[in-house]
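Order of the sequence lines fixes the chain letters, A, B, ..., with proteins taken first and strands second; residue numbering starts at 1 for each chain.
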Amino acid sequence: MPELPEAETIVGGLRGPLVGRAVSSVEVIRPDLLVGPPERFSEGVTGRTIGGVSRRGKNVVIRIGYTGSSATDSAFLVVNLGMSGRLLHRPTGARSPLPSHPGVRFLLDDGSQLVYDDVRRFGRLRLMPSPAFGAWSGTLGPEPLSRDFKVAGLIRELARSRTPIRGWLLDQRRVAGVGNIYANEALFRARVHPLRPANELSSDEARRLHGAIRSVLRAAIAANGTTLRDYRTAQGWHGSYARQLRVYAREGSDCMRCGDEIQRATFGGRSAFFCPTCQPSAEVSA
DNA sequence: CGTGCCCCCTGTCAGC
DNA sequence: TGCTGACAGGGGGCAC
């Protein structure tokens, strides 16, 4: 599901309704969604005030603290949505459809609710004290839309691995927030075959990939993310980037760039989509 | 440490 | 109509 653009869209939809609200009560319907004991989770959240909503990679981060506290005595609720997780805000008296598979429900002091809903239950909610949050964040790679994500750094890191580039992009320790949809889309834009070993990309290909990752993520954010099936915004809406996808789920269709037929291949346990002409399996010298 | 494979879970769809 | 198998946006654990 949700990759960086979807998490970013959810964050944008939660910030207004959540920031400044206190959590009146928590209902843990599916304890297996929590990392750690449910009692500690409930005690750590109940009665506290939401200080901010942000994102790290694909994760939604909700900062929680006592009213008036500084950031240092905050805790961080980190939500990884897995494949089918949703974070839905339901205003008081909302007529929006009921969540189908609610896992955790937060009742807020204005009567509205935040519901974590997840059909497949691959998602996880983790409440972390500040130091643990910092350590966890440090295990993730740079934010691809930040200034920390540099061409030089990408070239250096690519050289250290011979993993196929599509798998390399999915590793959150390398770049935070890229998943299978946007890895495939970025590789098409950069004209790099998904099976190319990372350390065999030329510096020009790495430069193109760097730009392609950033532009595809930005475009997807502008479209509120990609809804193929499960993803919804915090308000329950669909994202509209699916109709702008150039290769993902377009197997058998014409390449928008050259007209050749888009191929699908399964490796690393997941589908890759690419144009065999625009993305040759070895770099073509100019 | 890097890499590849399996599994977690439910729902949907294609094929028979 | 109904059954079976493949597959779905993620990631943790394990063996090598």
Quick one: does NZ or CZ of Arg166(A) land under 6.0 Å from the six-membered ring centre of Phe267(A), within 45 degrees of the ring axis? yes

Tell me, do Cys278(A) and Cys255(A) make a side-chain contact under 4.5 Å, heavy atoms counted? yes

Using the 3.5 Å cut-off, write out each protein N or O paired with an N or O of nucleotides 2-5 of chain B and the distance between them.
unit_1 : atom_1 : unit_2    : atom_2 : d
dT3(B) : OP1    : Ser161(A) : OG     : 3.4
dT3(B) : OP1    : Arg162(A) : N      : 3.3
dT3(B) : OP1    : Thr163(A) : OG1    : 3.3
dT3(B) : OP2    : Ser161(A) : OG     : 3.3
dT3(B) : OP2    : Thr163(A) : OG1    : 2.9
dT3(B) : OP2    : Arg174(A) : NH2    : 3.4
dT3(B) : O5'    : Thr163(A) : OG1    : 3.3

Starting at CE of Met83(A) and ending at C1' of dG12(C), how long is that distance when rounded to a whole Å? 14 Å

Report which part of the nucleic acid Tyr248(A) touches: base, sugar-phosphate, or nothing (heavy-atom distance under 4.0 Å, all strands). sugar-phosphate

Does anything in residues 186-196 of chain A come within less than 4.0 Å of DNA chain C? Heavy atoms only, and list the residues if so. none

Short side-chain N/O contact to dG9(C) OP1/OP2 from Lys58(A), under 4.0 Å: no

Using Watson-Crick or G-U wobble pairs with both distances under 3.5 Å, give me DNA chain C in dot-bracket, 5' to 3', with [ ] for crossers and | for pairs to another strand. .|||||||.|||||||

Report all interatomic pairs (protein N or O, nucleotide N or O of nucleotides 14-16 of chain C) with separations under 3.5 Å.
none

With sequence neighbours left out, write down each residue that passes side chain to side chain contact (heavy atoms under 4.5 Å, CB included) with Ser202(A), or none if nothing qualifies. Asp204(A), Glu205(A), Glu283(A)

Is Gln172(A) reaching over with its side chain to a backbone N or O of Gly177(A), donor-acceptor style, under 3.5 angstrom? yes

Rounded to the Å, how far apart are Asp32(A) CG and dC7(B) C1'? 15 Å

For atom OH of Tyr182(A) and atom P of dG10(C), their distance in whole Å: 10 Å

Listing request: all salt bridge (charged side-chain N to carboxylate O under 4.0 Å, His left out) pairs with a residue in residues 111-135 of chain A, at least two apart in sequence or in separate chains. Asp32(A)-Arg121(A)

Answer yes or no: does atom CH2 of Trp237(A) have more than 12 heavy-atom neighbours from other residues, nucleotides or ligands under 6.0 Å? no

Arg160(A): salt bridge (Lys or Arg N to Asp or Glu O under 4.0 Å) partners, not counting sequence neighbours: Glu157(A)

Identify the heavy atoms of Val19(A) and Gly51(A) that sit nearest to each other, and give their distance. CG1-O, 3.9 Å

State whether the aromatic ring of Phe122(A) stacks on the base of dC9(B), taking stacking to mean ring centres under 5.5 Å apart and ring planes under 30° to each other. no

May I ask you to check whether over 12 heavy atoms, not counting those of Arg162(A), lie within 6.0 Å of atom CZ? no

Can you list every pair that meets salt bridge (charged side-chain N to carboxylate O under 4.0 Å, His left out) and has a residue in residues 132-156 of chain A, with sequence neighbours left out? Arg55(A)-Glu143(A), Arg56(A)-Glu143(A)

Any pair counted as salt bridge (charged side-chain N to carboxylate O under 4.0 Å, His left out), so long as it reaches residues 171-185 of chain A, sequence neighbours left out: Asp171(A)-Arg173(A), Asp171(A)-Arg174(A)

Gln172(A) atom CD is separated from dG13(C) atom C1', nearest whole Å, by 17 Å

List, with names and distances, any nitrogen or oxygen atoms from the protein found under 3.5 Å away from nitrogen or oxygen atoms belonging to nucleotides 10-14 of chain B.
unit_1  : atom_1 : unit_2    : atom_2 : d
dT10(B) : OP1    : Arg121(A) : NH1    : 3.3
dG11(B) : OP1    : His101(A) : NE2    : 3.2

Residues two or more places apart in sequence or in another chain: which of them pass salt bridge (Lys or Arg N to Asp or Glu O under 4.0 Å) with Glu27(A)? Arg105(A)

Starting at atom CZ of Arg264(A), determine the distance to atom P of dA6(C), rounded to an integer number of angstrom. 12 Å

Mind checking what makes salt bridge (Lys or Arg N to Asp or Glu O under 4.0 Å) contact with Asp109(A), not counting sequence neighbours? Arg21(A)

From CG (Leu158(A)) to CZ (Arg196(A)), nearest 0.5 Å: 10.5 Å

Give Asn80(A) one of three labels, base, sugar-phosphate or nothing, depending on what nucleic acid heavy atoms sit under 4.0 Å from its own. sugar-phosphate

Please give me the minimum heavy-atom distance between Cys275(A) and Ile262(A), naming the atom from each residue. CB-CD1, 3.9 Å

